[in-house]
Protein chains: 2
Amino acid sequence: METITDNQNVRMTKKLEKMFGHIDYKHPPELCPVRDVMSVASDQWSILILLWLGYFPVLRFNKLKKYVYGISNKVLSQRLKVLETDGYIKRKAYAEVPIRVEYNLTTFGKTYVERLLELTEWMQQNSPKVLANRKKFGLD
Amino acid sequence: METITDNQNVRMTKKLEKMFGHIDYKHPPELCPVRDVMSVASDQWSILILLWLGYFPVLRFNKLKKYVYGISNKVLSQRLKVLETDGYIKRKAYAEVPIRVEYNLTTFGKTYVERLLELTEWMQQNSPKVLANRKKFGLD
DNA sequence: CGGGATCCCGAGTGATACTG
DNA sequence: CAGTATCACTCGGGATCCCG
């Protein structure tokens, strides 16, 4: 598991070649939507929001704020707005008193969370290794 | 491809359950290393740096700065430092005149870039959809 | 001359208070 | 309850400077 085979390297290079047609540095940023889309979806708060919305089928503003520990009102509402306009989540407001607002993943959002989970699983498994790296660093 | 089967939903929920033992909101952040590790590795600049280092076996500071279009000296050097201490990349300095510094992925970093590629591939394929969502939003 | 470090400034963020 | 308003503050961008 520590080593990477040549086959894996070849596959990686192929994928990277396809990728870099799109995030190529010669493209002015306004012609490179991938980076733009990526910056929204890979934001640390957005990731946590999406994961929690994957876990619970539906969540309200203050519940979400409680789960996404440490997020502020301002950032939460801003991220929710962006995630909604980008099509990952849906917002439903009920004209009750007090008002009730429910957020949930769209179908599109669910497919993204599936992918996201692969990555966060890796992080969960490897975070001890990273912490060990941090400790070790500078000692040798 | 548009719809998500019940089976997929079940798998997702299982993974999320495993996950949320670790990013649970009841955990104080200092006991939640996953979020900490994640915030480094999912940073938008770090992602681009790692992808380019996946594409080229080795890169020097100014080359990297050119490819990671738009990054500043300060942020680049700071991200490189963090990525090094976390074990994703390695830095080699040659005492020449002028000085030469080379960065490359570690084996650990390569395994991460493999995972990262799965995600960025998704973004590449779906960014048109996101852009369409943005345009459509507010019209209905 | 390459690889940063430093400094200054503006945009974004966090904490709290407040409102429809 | 679901957000906005306010304000102090941090962080990133950009230019410049420095050191080997």
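Order of the sequence lines sets the chain letters (A, B, ...), proteins ahead of strands, with each chain counted from 1.
Using the six-membered ring where Trp is involved, B:Tyr88 and B:Phe108 have ring planes that are parallel, under 30° apart on the 30 and 60° scheme.
Between B:Lys81 and C:dA5 there is a side-chain N or O to OP1 or OP2 distance below 4.0 Å. One finds a side-chain N or O of A:Trp45 lying less than 4.0 angstrom from the OP1 or OP2 phosphate oxygen of C:dG14. Proximity of A:Tyr103 to the phosphate of D:dG3: a side-chain N or O atom is located under 4.0 Å from OP1 or OP2. Listed pair B:Arg60 / C:dG3 meets the phosphate criterion, a side-chain N or O lying under 4.0 Å from OP1 or OP2. One finds a side-chain N or O of B:Asn62 lying less than 4.0 angstrom from the OP1 or OP2 phosphate oxygen of C:dG3. In this structure, B:Arg79 reaches the D:dG12 phosphate: one of its side-chain N or O atoms is under 4.0 Å from OP1 or OP2. One finds no side-chain N or O of B:Ser77 lying less than 4.0 angstrom from the OP1 or OP2 phosphate oxygen of C:dG3. For C:dG12, the OP1/OP2 oxygens have no side-chain nitrogen or oxygen of A:Gln78 closer than 4.0 Å. The phosphate of D:dG13 (OP1 or OP2) has a side-chain N or O of B:Ser72 nearer than 4.0 angstrom.
In this entry the distance linking CG of B:Leu59 with P of C:dG2 reads 15 Å, nearest Å. Here the C1' atom of nucleotide D:dC1 and the NZ atom of A:Lys92 are 18 Å apart, to the nearest Å. Regarding A:Arg91, its CZ atom lies at a distance of 10 Å from the P atom of D:dA2, rounded to whole Å. Atoms CD1 (A:Ile71) and C1' (C:dG12) sit 14 Å apart, rounded to a whole Å. Between the C1' atom of C:dG2 and the CG atom of B:Leu80 lies a distance of 14 Å, rounded to the nearest Å. A straight line from NZ of B:Lys65 to C1' of D:dG13 spans 11 Å, rounded to a whole angstrom. Rounded to an integer number of Å, the gap from A:Leu76 CG to D:dG3 C1' is 9 Å. Rounded to a whole Å, the OH atom of B:Tyr69 is 10 Å from the P atom of D:dG14.
Here the NZ atom belonging to A:Lys66 is positioned 10.0 Å from the CH2 atom belonging to A:Trp52, to the nearest 0.5 angstrom.
A donor-acceptor pair is defined here as one N or O able to donate and one able to accept, closer than 3.5 Å; no such pair exists between the side chain of B:Asn104 and the backbone of B:Val58.
In this structure, A:Lys74 and A:Ile99 both approach DNA chain D, and ranking their closest nucleotides by distance from the 5' end singles out A:Ile99.
Note on B:Val97: nothing from the nucleic acid sits closer than 4.0 angstrom, heavy atoms only.
Under 3.5 Å, the side chain of A:Asn73 and the base of C:dT16 form no donor-acceptor pair of N or O atoms.
With ring centers used as reference points, A:Tyr67 lies 6.0 Å or more from A:Tyr55.
Residues B:Leu48 and A:Met38 approach most closely at CD2-CE, 3.8 Å, considering heavy atoms.
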